[in-house]
Amino acid sequence: MDQSFLHSALELTTPGQRLEDTLARDSPDELLALLYRQMRALAGPRQDLDDLVQAAAERTLKALERFEGRSALSTFTYGIVYRTLIDQQRWYRRFQRRFANDAREEADELTFPRSSETDLRELERARRLYVALDALSNEKRATLILHDLEGLDVADVAVISGANERTVRSRLRDAHKKLAEILRKDPLFDPEVPA
Amino acid sequence: MNAADLARLEVAKRAYRATQPTDVEVQIGVRRARLAQSRPKLRRSFFSKGLVFVVLAIGSLAYAKPHALGELVEKVLPRPDAANAKGGARGEAALMTPPEAERRMTGSAQGASRAAVRPEPASSPVATPEGARAATPEAPTKPTAVAPRPATPAATREPAAASKAVKGAGRDAAHTALSTPGVTPAERATPPSAGAVSDWGRVGQALADGDQAEALTALNQLSESDDQRTRDKADLGRAQLLMARGDRDAACALAGSLTHRRAGSRIERAAQVLLKSCGR
């Protein structure tokens, strides 16, 4: 994920000013963009993505006072995004159990330039990947996305998810195992198939 | 995970990166989030609920007790007759300069037999300088209604009795004139003239004099007023006066008519009290 805008946001901080004040006043759009990308990465393309981003933004603006700079700002916001998503999924599961019988709504149409047959194939692969990720539990899914797809190391994932590093490794191992089983059955993920 | 699984994972990573949101998509999402955050949801919902509550409360009050609503409005807004009786005189006196007040007081002491000039009912509570000039004896007046009044001994009586008899405009004018720095103590002792007395003041003055016929005449004039509340009050006064004079039938008829015309809770209550003494 490109986080160059984050560095520029951090550079906005002057010695006399606090980081959260600077971010909230001078670069709220960059903070929202960071939250949007992080929520999009963790939750995937879904209809209530905007609601999730708004909920995460409200939490972040409230929690910025407590940011002490012991970790990177993106790790701090990732933690908020992760907890917001987990809370929403738990609520949604309870809501569905009581009030709704339908299955989860279909994922949104993934949008990216469809210039060739290769792009269409990538789009179809991405759809199937998100379906496979939905088969994992929320914690394992988030751990796999953060570590394998977003490229964060285990320590950062542990900070974000508020878990022990060993727990993270355990979740990662289980997620790899489950995902490999699903992808093994899908011919579209066969490495022999040309990209 | 074996090598084949790792290769599949690499393919999945490539597909994942290919579907990452573009900058344009992120900007659109950020704009939507900002718009939703700046929307004052709570305040709007409370405002609409409060508005519905107020409308329902006023509507139900107007439906259940229309008189109560009317009385509430009358309490809030100044009444035209009260404005004529009190506010007009007060405003008149407030606009008077000290020499004018002195002249007026002197004139009222001298001309006790002058006719009472009644101000226009539509005049505003704060009298204009023209109105003040019209009330002064020296200025040429254009009275809309002149009620000729014989000379009463009230002007020459002792001040305490006169001030007690004259309620309303005369009292306010006298109070203001007494506090005027240009008035001498001898002039202060002079009672206000009958010229500044309103219709209700005439009733009060006639009652204080014991002249019930004059009071009844003044009440009869008031009962022909354009204002319905003034008419109702005058009729109530007439009924009470007639009852006091022993004319029971006329008093009971008037009180009975008051209870049927929705005159307001206080007037109706007084009329009911009067009707109790009528008997069956």
Side-chain angles (χ1 to χ4, degrees), chain A residues 1-2 5 28-37 39-41 44-45 49-58 61 110-113 118-119 121-130 132-133 144-145 148-151 173 176-177 179-184 186 188-193 195, chain B residues 1-65 68-69 72-73 76:
Chain A
M1 193 175 85
D2 182 22
F5 58 89
D29 281 356
E30 291 183 4
L31 185 66
L32 280 174
L34 173 66
L35 291 171
Y36 186 89
R37 287 178 189 274
M39 185 60 81
R40 172 69 161 71
L49 183 64
D50 288 341
D51 296 336
L52 288 170
V53 173
Q54 287 157 22
E58 286 175 7
L61 290 174
L110 300 184
T111 54
F112 65 99
T118 308
D119 290 336
R121 194 179 295 132
E122 291 292 347
L123 174 64
E124 185 57 31
R125 275 188 188 132
R127 276 183 190 152
R128 295 189 186 190
L129 173 64
Y130 280 115
L133 289 173
L144 189 138
I145 288 173
D148 288 350
L149 304 180
E150 291 293 318
R173 189 178 57 247
H176 280 155
K177 191 177 173 184
L179 187 66
E181 283 177 12
I182 296 171
L183 296 185
R184 223 175 280 151
D186 195 337
L188 205 57
F189 288 93
D190 191 348
E192 303 299 324
V193 175
Chain B
M1 289 178 74
N2 54 27
D5 291 336
L6 286 175
R8 288 192 188 90
L9 191 59
E10 283 301 319
V11 173
K13 282 182 189 176
R14 202 168 57 232
Y16 175 82
R17 290 193 194 104
T19 56
Q20 282 304 292
T22 60
D23 289 343
V24 176
E25 190 184 344
V26 170
Q27 287 306 315
I28 292 170
V30 166
R31 208 174 300 136
R32 280 200 298 260
R34 280 183 72 89
L35 284 174
Q37 279 189 333
S38 61
R39 200 184 310 149
K41 294 176 185 172
L42 276 178
R43 190 176 60 189
R44 187 184 296 173
S45 68
F46 277 117
F47 176 75
S48 57
K49 282 175 189 170
L51 188 66
V52 166
F53 179 76
V54 167
V55 168
L56 282 177
I58 292 178
S60 54
L61 184 65
Y63 180 75
K65 289 192 171 183
L69 200 63
L72 188 69
V73 171
V76 173

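Just so it is clear, the model here is predicted, and its values are computed rather than measured. First the proteins, then the strands, lettered A, B, ... as listed; each starts at 1. Values reported hereafter were calculated over all heavy atoms of this structure, with side chains retained and with hydrogens, waters and symmetry mates removed.
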Please find the pair of heavy atoms, one from B:Y16 and one from A:A41, that lie closest to each other, and give the distance.
OH-CB, 3.3 Å
Nearest heavy-atom pair of B:R8 and A:L183: which atoms, and what distance?
CD-O, 3.6 Å
To the nearest 0.5 Å, how far apart are CD in B:Q20 and CG in A:L149?
8.5 Å
Side chain proximity check, B:Q27 to A:L32, heavy atoms < 4.5 angstrom
no
Any salt bridge linking A:D50 with B:R31? Criterion: basic side-chain nitrogen under 4.0 Å from a carboxylate oxygen.
no
Exercise: identify the closest heavy-atom pair between A:R37 and B:P21
NH1-O, 3.9 Å
At a heavy-atom separation under 4.5 Å, does A:I145 approach chain B through its side chain, its backbone, both, or neither?
side chain
Of A:K177, A:E181, A:R184, A:H176, the residue whose pairing with B:D5 passes side-chain contact (heavy atoms from CB on, under 4.5 Å)
A:R184
Who wins among B:V11, B:L6, B:L9 for the most heavy-atom pairs under 4.5 Å with chain A?
B:V11
Region of A:L179 in contact with chain B, defined by heavy-atom distances below 4.5 Å:
side chain
Rounded to the nearest 0.5 Å, what separates atom CZ in B:R17 from atom CD in A:E150?
9.5 Å
Should we say atom NZ of B:K65 is surrounded by more than 12 heavy atoms from elsewhere, each under 6.0 Å from it?
no
Any side-chain heavy-atom pair of B:T19 and A:E122 under 4.5 Å
no
